[in-house]
There are 2 protein chains.
Amino acid sequence: MVGDLALPSIDPASDRAVFKQISDHLRHAIETGSLAPGDKVPSESRLIAHYGVARMTIRQALRELQSEGLTVAEHGRGVFVRSRPPVRRLASDRFARRHRDQGKAAFIAEVEGTGGKPSVDSIKVEEAEAPEFVRTRLGLAAGERVIVRSRRYLIDGHPVETAVSFVPAEIARESPIVMVDSGPGGIYARLEEMGYRLDHFDEEIRSRMPVRDEVRALKLPPGVPVFHLVRTAFAAGGRAVEVCDTVLSSDAYVLSYQLPAR
Amino acid sequence: MVGDLALPSIDPASDRAVFKQISDHLRHAIETGSLAPGDKVPSESRLIAHYGVARMTIRQALRELQSEGLTVAEHGRGVFVRSRPPVRRLASDRFARRHRDQGKAAFIAEVEGTGGKPSVDSIKVEEAEAPEFVRTRLGLAAGERVIVRSRRYLIDGHPVETAVSFVPAEIARESPIVMVDSGPGGIYARLEEMGYRLDHFDEEIRSRMPVRDEVRALKLPPGVPVFHLVRTAFAAGGRAVEVCDTVLSSDAYVLSYQLPAR
DNA sequence: CAGTGGTCTAGACCACGCG
DNA sequence: GCGTGGTCTAGACCACTGG
């Protein structure tokens, strides 16, 4: 017993590493609800006393849970069972024209609808050579240039998404797309005004662990992967007119798509 | 210099933890290509000699890279920069009827098309009470029963996906759906033969770190998250007739969807 | 066999939070 | 000030890989 929590002892006969036995005990307690979301996991010193092992052994067990996303450590306070934050659902119709026509960008309209306060920061616009993954999607030759719009999206001040859009310079130059404020409805609205009537989007989804810069930009706790989306916008006639590269915190999002059976 | 690799020294004036400075150096080498996929990272003893720190400090730096999915450790051989395995693309039309009509299940047809050898194992069929997330999606009352089909998919002997399907017992009982071999075209073909003409699917996508059982079932290396998909099949008329809960290794998959602009 | 990573010990000092 | 987790040291023995 550690506090109110019943924890078994180490089985010295087992082949399983001691720290794994310990993390198994704690994981079981979390999965069965003996340790509920928000609960404090017994402190390192309590676990050392209970199991009679070195501190590094306990820390290795705790790190395993943290890397599975089951717990978060708070310096000076303790280790806690992670409580899942409210999630945002990204539906596959989120770029439908009926939403865009309200004059709001997709993100703003959607977050306001759920009662949150959306904001956007770190907006940067520049012109550059198109990177290779953008060239292949936009059908550009090596050396061709694009307008690059970067920004970060926040809900109630918490960062949830970074995004970088690429539009062929030939299309975007001399248009509001190169302004920091691209105007009501965002760049998709601007593209349609310029005669590129949008037909559909292709979205590719990957999942992986974040690298250091992404951990910082999205303030990610350890053990949380990211969604990496690359979306290509196609105009009627089949021309690709934009590529958007976005990174989402996976524990703030559920993606939702509709698939045809026909 | 460590072997052919140029590595900076620790900056003792920096606030940044020593092990993080070391992992920064190695991450930079990986991102710039000085350490290419498949390359061996300098061994712990070499890094200890180069940096003049304790072994645990080096190991902490290496663990950081591993938890980001950038490297894999092989006991007795060394630590290597991970080379991405060939990925399988899941397109949003993969359940279209034109594919199903070939008489093959979606997975088999698709993998054979790419030259791999598909297989399925761990097939289990049982009847049980529907869990809550299935009830809400199928519109069932508490206590109602479902046929549960579990299986694991492999390509060339490597596990890539586990899946569990739930079909209302009222529909599936007395049909081939309850057999281990559900017949050509899989259960979607059976449902259509029974008069449930499929209309569309809703697919929800989450990403998270795997728990222990998933690591084992999919033979996942550390630092690799999973996609967790929950797909609901709707028949014409709007009735939900199946829920499928699947877990995919994220580094074997890219998901791909088409979004309407209308 | 030598070299590698995997586990574990028993200490130390520090930075953070909270009362 | 005390308890918490964060970092670091300097060893030890083990298991696996490869020549």
Side-chain angles (χ1 to χ4, degrees), chain A residues 2-3 5 9-26 35 38-67 70-82 212 215 221-223, chain B residues 2-3 5 9-26 35 38-67 70-82 212 215 221-223:
Chain A
V2 181
L5 186 67
S9 299
I10 298 300
D11 172 7
S14 167
D15 280 351
R16 194 159 176 77
V18 172
F19 82 89
K20 288 190 180 173
Q21 292 189 44
I22 296 174
S23 65
D24 286 349
H25 298 167
L26 293 170
L35 283 173
D39 281 3
K40 191 171 180 303
V41 173
S43 72
E44 294 180 359
S45 37
R46 277 178 165 284
L47 292 170
I48 290 168
H50 175 77
Y51 285 109
V53 298
R55 185 177 174 211
M56 284 307 295
T57 307
I58 295 295
R59 284 181 64 74
Q60 211 167 341
L62 291 173
R63 190 172 40 238
E64 185 141 295
L65 298 177
Q66 175 152 331
S67 79
L70 296 177
T71 60
V72 274
E74 296 184 32
H75 196 167
R77 299 218 315 130
V79 174
F80 299 85
V81 180
R82 178 177 288 154
R212 213 166 71 68
V215 169
Chain B
V2 180
L5 185 66
S9 299
I10 298 300
D11 172 7
S14 167
D15 280 351
R16 195 159 175 77
V18 172
F19 81 89
K20 289 190 178 173
Q21 292 189 46
I22 296 173
S23 65
D24 286 348
H25 296 166
L26 293 169
L35 283 172
D39 281 1
K40 191 172 180 302
V41 173
S43 74
E44 294 180 0
S45 38
R46 276 177 166 286
L47 291 170
I48 289 167
H50 175 76
Y51 285 110
V53 298
R55 185 175 174 214
M56 284 306 295
T57 306
I58 295 294
R59 283 182 63 75
Q60 210 166 342
L62 291 173
R63 191 172 37 239
E64 186 143 293
L65 298 177
Q66 176 151 332
S67 78
L70 296 176
T71 60
V72 276
E74 296 183 33
H75 195 167
R77 300 217 315 131
V79 174
F80 299 85
V81 179
R82 177 176 290 151
R212 213 166 72 68
V215 169

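So you know, we letter chains A, B, ... as the sequences are listed, proteins then strands, and number each from 1. What you are looking at is a predicted structure, and each value in this text was computed from that prediction instead of being measured.
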Among the nucleotides C/dT4, D/dT9, C/dT7, which one has an atom lying closest to any side-chain atom of B/Ser45? C/dT4

Can you measure B/Arg63 atom CZ to C/dT7 atom P for me and round it to whole angstrom units? 10 Å

5' precedence on DNA chain C between B/Glu44 and B/Met56 (nearest-nucleotide basis): B/Glu44

Nearest to the side chain of B/Arg77 - D/dG18, C/dG17, D/dT9? D/dG18

Could you tell me whether A/Lys20 and A/Glu64 make a salt bridge, using a distance below 4.0 angstrom between a side-chain N and a carboxylate O? no

Nearest to the side chain of B/His75 - D/dT9, D/dG6, C/dG5? C/dG5

Send over the distance from B/Ile58 CD1 to D/dC8 C1', rounded to a whole Å. 12 Å

Would you kindly give the NZ-to-P distance between B/Lys20 and C/dA15, to the nearest whole Å? 14 Å

Round to a whole Å and report the spacing from CG of B/Asp15 to P of D/dC8. 12 Å

Comparing nearest nucleotides in DNA chain D, the 5'-proximal residue of the pair A/Val79, B/Phe19 is A/Val79

Please tell me which of the listed nucleotides, D/dG6, D/dT9, C/dC8, lies nearest to the side chain of A/Ala73? D/dG6

Pair of N/O donor and acceptor under 3.5 Å linking C/dT7 base with B/Arg55 side chain: yes

Tell me: CD1 of A/Ile48 to P of C/dT9, nearest whole Å? 10 Å

Indicate whether OP1 or OP2 belonging to C/dG3 is found under 4.0 Å from a side-chain N or O atom of B/Ser43. no

Please determine whether a side-chain nitrogen or oxygen atom of B/Thr57 lies at a distance below 4.0 Å from atom OP1 or OP2 of D/dT7. no

Nucleotide of D/dC8, C/dG6, C/dC8 approaching B/Arg59 most closely (side-chain heavy atoms): C/dG6

Salt bridge present between B/Arg212 and A/Asp24 (N-O < 4.0 angstrom): yes

d(CD, B/Gln60; C1', C/dG5) in whole Å: 16 Å

Calculate the interatomic distance between B/Arg16 atom CZ and D/dC8 atom P; express it in whole Å. 11 Å

Could you tell me the separation between the CZ atom of B/Phe80 and the C1' atom of D/dC16, rounded to a whole number of Å? 13 Å

How many angstroms lie between NE2 in B/His25 and CG in B/Leu5, if you round to the nearest 0.5 Å? 11.0 Å

Looking at every heavy atom in both A/Leu62 and A/Thr71, which two are closest together, and how far apart are they? O-OG1, 4.2 Å

If you look at every heavy atom in A/Pro222 and A/Gln66, which pair is closest and at what distance? CG-NE2, 3.0 Å

